[in-house]
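The figures here come from the full heavy-atom set of this structure, side chains too, leaving out hydrogens, waters and symmetry mates. Note that the structure is predicted; figures quoted are calculated from it, not measured. All chains are named by letter (A, B, ...) in the order of the sequence lines, taking the proteins before the strands, and each is independently numbered beginning at 1.
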Amino acid sequence: MEKALLSGRLAPPPAALKGFTRLVAGSEYCQNKLPDLKTLAALRRRAPVTLATSILTDEGLAAVSALISAAFRRDLIDEVIVNDWGLLQPLKKLTGLALSAGRLLCVELSVAEPGWTKKFLLEYGITSAETDDKKMAERLKALGLEISWHAPHAFKAVTTYCPFEKHFKAKCGFSCEGRALKLKNPHLKKPLLLVEKVYLTPDASVKPPAGISRLVVRGKGF
Amino acid sequence: MKFTVGVKSADEARYFLENGADELYCGLAGLLNNRLPRENLPGVSGAEEIIRLAGKKRVFLAVNEIVPAKLYGPALDILKGLRRRGLFGVILRDPAFLAFLRAEKFSLYVTLSTLALCFNRGALEFFGRLGINRLVLPMQLMPENAGSLLKNKFGIETEVFCQRLYYGVNVDSMCFLPCPQTAESGSRKFPDFTCLLPFKCRGGEFRMPMPGPEYMMNAFYDFYHGCADYVKIARWPNTLRQADLFHKVRYLVKLLEKGASRKLFVHEGLKIDSKPLEYGKSFTFRPAGPASRRA
């Protein structure tokens, strides 16, 4: 099983990469948290790179499409995690780029009618899927997808309104960089963790279920 | 801008039609949609009655969840039966079910639910190829990012919420926190309102943020002038609260129709009390009755 480090927008210190054979840059939850080409080049010198992408506005879609196209041409990335229906068509022309259905898209794909879903996956060349949920992993495996397991935090909710900077814009000051807010309330059994634009819980087993191809771990400070 | 209003009963349909609803939608028990089961009509005859009451006005059926394959046949039968009775359209979220209806050459008007992740022109193109006629903009998509959807090249109509009075703190279909909308017990206790809880964190207190009222008023002004075709008044457990929302939004739209300037519109809109419409206060199940007819 491959072990990948979720590194976000910036290059992690070399020591953080110990034990990992792949880097997942970018974010499944915030369109602004994209690495630039220079960072991707630095990451690529250390390990193969997957680029994670989120729900996108028009401006975000244009920026992400351009970045992916340029990074793939320079051989800086070999895989993209997609969470937006609108990104699939622009990526279709990038032959050889591996696509993985992100955790948001998998909410839909894992329960949609399997016949249609298999055709859809084939049409867009999606061969793997991201999840932190065991039942969902089973359903996605049944569709013939390779599974990337995210741990130890499970996805609970996402917003497009930045909780740190309080806006909907496709450009920001990266105020969330390195910040993870642990949110506690006596009415909740477990605290929530806020990073970027996503609320997570410490629910995803670090020990992945059987048949998983990749374990993705969130790096400290990313 | 026309009014699309969700209803739970014939009583509510009558009330909203008499008070200016341009079209109605409803849900049926057994056909998945994104509301509490008790907000659905118990049987097809309920929907037929609403279609009859609406006369020439349009009625839609909400089936806005991912539809399991085993429900395709029964759902199609129900839709065909209701179409014969005058059903105008269906509100969907599931691309697989959209593709199925298209393959069946089933020609109802299709509204893409706000729950579908359609935040940009590429996503609209994807769903456009599946034959949608209208898009309900995601509640968290603001006019500053919605230009290409409001004025799209596919002739797809658009529907919006009045976010000053009706807003989801997180992306609606991508929030799996406890919520009164999904709480089976309907306890409405604190854990059911996660998005409203005060949290403690390093550095003090935290509440899940939402844009301020002034921003929201400006957004609705921009949606109107950006040519959004419809405003949606969603079904709600508490009919009086829904009627309150309806009348407040109607007042705002009237201001816009009279040509209110942005400054005046925002000023007037900020005077509206939005407290009764907040999540925690409005999720008590109180269906329409004589009281709502007096509202």
Practice task
Kindly say whether the aromatic ring centers of A:Trp85 and A:Phe120 come within a distance under 6.0 Å.
Solution key: yes
Practice task
Name the option with the most non-hydrogen atom pairs under 4.5 Å to chain A; the candidates are B:Gly212, B:Pro209, B:Cys175.
Solution key: B:Pro209
Problem - Candidates A:Lys156, A:His150, A:Arg103 - the one meeting side chain to side chain donor-acceptor pair (under 3.5 Å) with A:Asp132 - result: A:Arg103
Fill in the blank from the handout: Per side chain to side chain donor-acceptor pair (under 3.5 Å), A:Gln31 is matched among A:Asp84, A:Asn83, A:Thr57 by A:Thr57
Handout entry: Side chain, backbone, both or neither of B:Glu144 within contact of chain A (heavy atoms, under 4.5 Å)
Key = side chain
Practice task
Select one option (side chain, backbone, both, neither) describing which atoms of A:Lys166 are under 4.5 Å from chain B's heavy atoms.
Solution key: side chain
Problem - Any side-chain donor near an acceptor of the partner, A:Ser213 and A:Glu146, under 3.5 Å - result: yes
Exercise for the section: With a 4.5 angstrom heavy-atom cut-off, could you sort out which part of B:Pro95 is near chain A: side chain, backbone, both or neither? Expected result: both
Handout entry: A:Phe164, part contacting chain B, at a heavy-atom distance under 4.5 Å
Key = neither
Exercise for the section: Using non-hydrogen atoms and a 4.5 Å limit, figure out which bit of A:Leu183 sits close to chain B: side chain, backbone, both or neither. Expected result: both
Problem - Most chain B-contacting option - heavy-atom pairs closer than 4.5 Å, from A:Leu192, A:Leu88, A:Leu105, A:Leu109 - result: A:Leu192
Exercise for the section: Just do the side-chain hydrogen bond (donor to acceptor under 3.5 Å, both in side chains) check on B:Glu157 and B:Tyr109 with the steps written out, would you? Expected result: CA-CA 11 Å; B:Glu157 297 187 291; B:Tyr109 180 104; 2.4 Å; yes
Problem - Residue A:Leu181 versus chain B: region with a heavy atom under 4.5 Å - result: side chain
Handout entry: Between A:Pro114, A:Ser65, A:Pro163, the one whose heavy-atom pairs under 4.5 Å with chain B are most numerous
Key = A:Pro163
Completion exercise
Whatever's closer than 4.5 Å to a heavy atom in chain B on A:Glu108 counts as both
Problem - Side-chain donor-acceptor contact under 3.5 Å, B:Tyr215 with B:Gln163 - result: no
Problem - Under 4.5 Å from a heavy atom of chain B, the part of A:Thr160 involved - result: both
Exercise for the section: Tell me yes or no: between the side chains of A:Glu79 and A:Ser100, is some donor less than 3.5 Å from an acceptor? Expected result: no
Exercise for the section: Establish, for the pair A:Lys184 and B:Phe199, whether the NZ or CZ atom is under 6.0 angstrom from the six-membered ring centre and no further than 45 degrees off its axis. Expected result: no
Exercise for the section: Measure distances from A:Leu61 to the heavy atoms of chain B and classify the residue's part below 4.5 Å as side chain, backbone, both or neither. Expected result: side chain
Practice task
Counting only heavy atoms closer than 4.5 Å, note whether B:Met174 contacts chain A via side chain, backbone, both or neither.
Solution key: both
